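Remarks on the structure that follows.
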2 protein chains.
Amino acid sequence: MHAHDAKSVADLLTRHGLRRTRQRVALYQALAASKAHPTADELYRAVADDLDGISVATVYNSLEAFCKAGLINKLPPAPTTDRVFDDEGEADADTAASEVPSSGRAARYDASTHPHMHIRCLRTGRVRDVPDDLGEQLLAHLPQDVLRRLEDELGFDVRQVQVELVGESRSR
Amino acid sequence: MHAHDAKSVADLLTRHGLRRTRQRVALYQALAASKAHPTADELYRAVADDLDGISVATVYNSLEAFCKAGLINKLPPAPTTDRVFDDEGEADADTAASEVPSSGRAARYDASTHPHMHIRCLRTGRVRDVPDDLGEQLLAHLPQDVLRRLEDELGFDVRQVQVELVGESRSR
DNA sequence: ATTACTGCAAAGGCTTTGCACGGGT
DNA sequence: ACCCGTGCAAAGCCTTTGCAGTAAT
């Protein structure tokens, strides 16, 4: 969809008032390339190959900076009731080293900032996007007038409608 | 709505195969009495007055047991981008000691298990329920056929539709 | 009598912070 | 030259765990 080569990412950073460091370019690329909404640690391991010696602090700092700049979103960790995390492998940029547990209560990051829905697997903790066509059909049916009544009655400004379909993926 | 006196809570526990200990009765009562979706620490402080010497471990163990028994639900902590937590006081069972920060990334618990929506305040991190009449109107409009198509196309069993309205409460 | 539950303290996982240095502008 | 961003290690917060003792069934 978008081009995520080093140059356009660098431009993106600059445009948002961030410096174009090797670390941040690599981090944003890794995140944008993934559909799996990786954790900070997964991103750390993903870029550690190319960028020798990057530190976790930098990963967290950079992700926080991206969030503040509105470049990416942070997703809450899944509630961890019951045994929820098996963690299997999957052929994706950031889950390549399919052996490390990457246990449960870590936040996940999302490079797409336009409104969309997520599905979260109870077994693996993985988060995927709902395809836009389906998501839009679902969101479009939320009656705006009810939302507005809610804002009036509760004195609450709704900035974002977070919809998450929680369940279990069938295969495997 | 429901009666949450010691006896009926004790019965509820027994009926779910849990022992009726003072600690668990008090914890469930405190949680059920609150509309604020308290954190483990908030519950700990709420019951520490009556139950002298209760430990945090017991709070966590009990809440986990309640979750497994299907008595309560665990909510994910809010993503903590930007300064999100001011923590003001509120006249509620578990937030009585309106002075302690109870900082950010703690899970919250919810005594109501029937499907309902939440609103989460970006400033305070507080979670409230959407009134049932409004919530039902919103949820009823989610087209079931689209959900079913989604399950087919992605091979995913949807167990729960988690809707959270994220925003900011106007007053204060 | 059995064993689930409790309390304590220590350990654990994820994230943040302080500080000196290096690289981007 | 300025100062944002980096790396390292230590500290922090929330939660879990091990174990000996206690109390519910």
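Note that this is a predicted model, so its numbers are computed, not measured. Residue numbers begin at 1 in each chain, while the letters A, B, ... track the order of the sequences.
- Counting heavy atoms from C-beta outward, A:L147 and B:L134 have side chains that stay 4.5 Å or more apart.
- Distances shown here put every side-chain N or O of A:T58 at or beyond 4.0 Å from the OP1 or OP2 atom of D:dG5.
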Find every protein N or O atom lying less than 3.5 Å from an N or O atom of nucleotides 20-25 of chain C, and list the pairs.
{"unit_1": "C:dG23", "atom_1": "N2", "unit_2": "A:R19", "atom_2": "NH1", "d": "2.9"}
{"unit_1": "C:dG24", "atom_1": "N2", "unit_2": "A:R19", "atom_2": "NH2", "d": "3.3"}
{"unit_1": "C:dT25", "atom_1": "OP1", "unit_2": "A:R20", "atom_2": "N", "d": "3.1"}

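- Residues passing the ring-ring contact (aromatic ring centres under 6.0 Å, His included) test with A:H116 are A:H114, A:H118, sequence neighbours excluded.
- The phosphate of D:dA23 has neither OP1 nor OP2 within less than 4.0 Å of any side-chain N or O from B:Q23.
- In this model, the phosphate group of D:dT15 is approached by a side-chain N or O of B:Y60 to a distance below 4.0 Å at OP1 or OP2.
- The closest donor-acceptor contact from the side chain of A:S34 to the backbone of A:L31 lies at 3.5 Å or more, if one exists at all.
- B:H16 is linked by a ring-ring contact (aromatic ring centres under 6.0 Å, His included) to nothing, counting only residues two or more places apart in sequence or in another chain.
- Remark: P of D:dT15 and CG of B:D41 are 9 Å apart, rounded to the nearest angstrom.
- Counting only heavy atoms from C-beta on, B:K74 has its side chain closest to D:dT16 among C:dT17, C:dT15, D:dT16.
- With a 6.0 Å radius and a threshold of 12 heavy atoms from other residues, nucleotides or ligands, B:D52 has its CG atom at or below the threshold.
- In this structure the side chain of B:V163 never reaches within 4.5 angstrom of the side chain of A:L142, judged on heavy atoms.
- Listed by chain and residue number, nothing satisfies the salt bridge (Lys or Arg N to Asp or Glu O under 4.0 Å) test with A:R20 (two or more places apart in sequence, or in another chain).
- At least one donor-acceptor pair closer than 3.5 Å links the side chain of B:R170 to the backbone N or O of A:E151.
- Between B:D133 and A:R149, some side-chain heavy-atom pair lies under the 4.5 Å cut-off.
- Across the protein-nucleic acid pair, A:L13 atom CG and D:dC4 atom P stand 16 Å apart, rounded to whole Å.
- Side-chain contact check for A:Y109 versus A:L75: every heavy-atom pair is 4.5 Å or farther apart.
- Note that the two end axes of the helix from C:dA1-D:dT25 to C:dT25-D:dA1 enclose an angle of 40°, each drawn from 5 base pairs, rounded to 10 degrees.
- No hydrogens or angles considered: nothing links the side chains of A:N61 and A:T58 as a donor-acceptor pair under 3.5 Å.
- Contacts with DNA chain D (heavy atom under 4.0 Å) in residues 48-56 of chain A: A:G53, A:I54, A:S55, listed by number.
- Residue A:S62 places no side-chain N or O under 4.0 Å from the OP1 or OP2 atom of D:dG5.
- Following rounding to the nearest Å, B:F66 (CZ) and C:dA4 (C1') show an atom-to-atom distance of 13 Å.
- In terms of position along DNA chain C, the nucleotide closest to B:R24 lies nearer the 5' end than the nucleotide closest to the other residue of the pair B:R24 and B:A57.
- The separation between A:E42 atom CD and C:dC14 atom P is 10 Å, rounded to whole Å.
- At C:dT16, none of the side-chain N or O atoms of B:R105 fall inside 4.0 Å of OP1 or OP2 (strictly under the cut-off).
- Here A:A65 lies out of heavy-atom contact (under 4.0 Å) with every strand.
- Under the 4.5 Å side-chain heavy-atom criterion for Ile, Leu, Val, Met, Phe, Trp and Tyr, B:L150 and A:V166 are members of distinct hydrophobic clusters.
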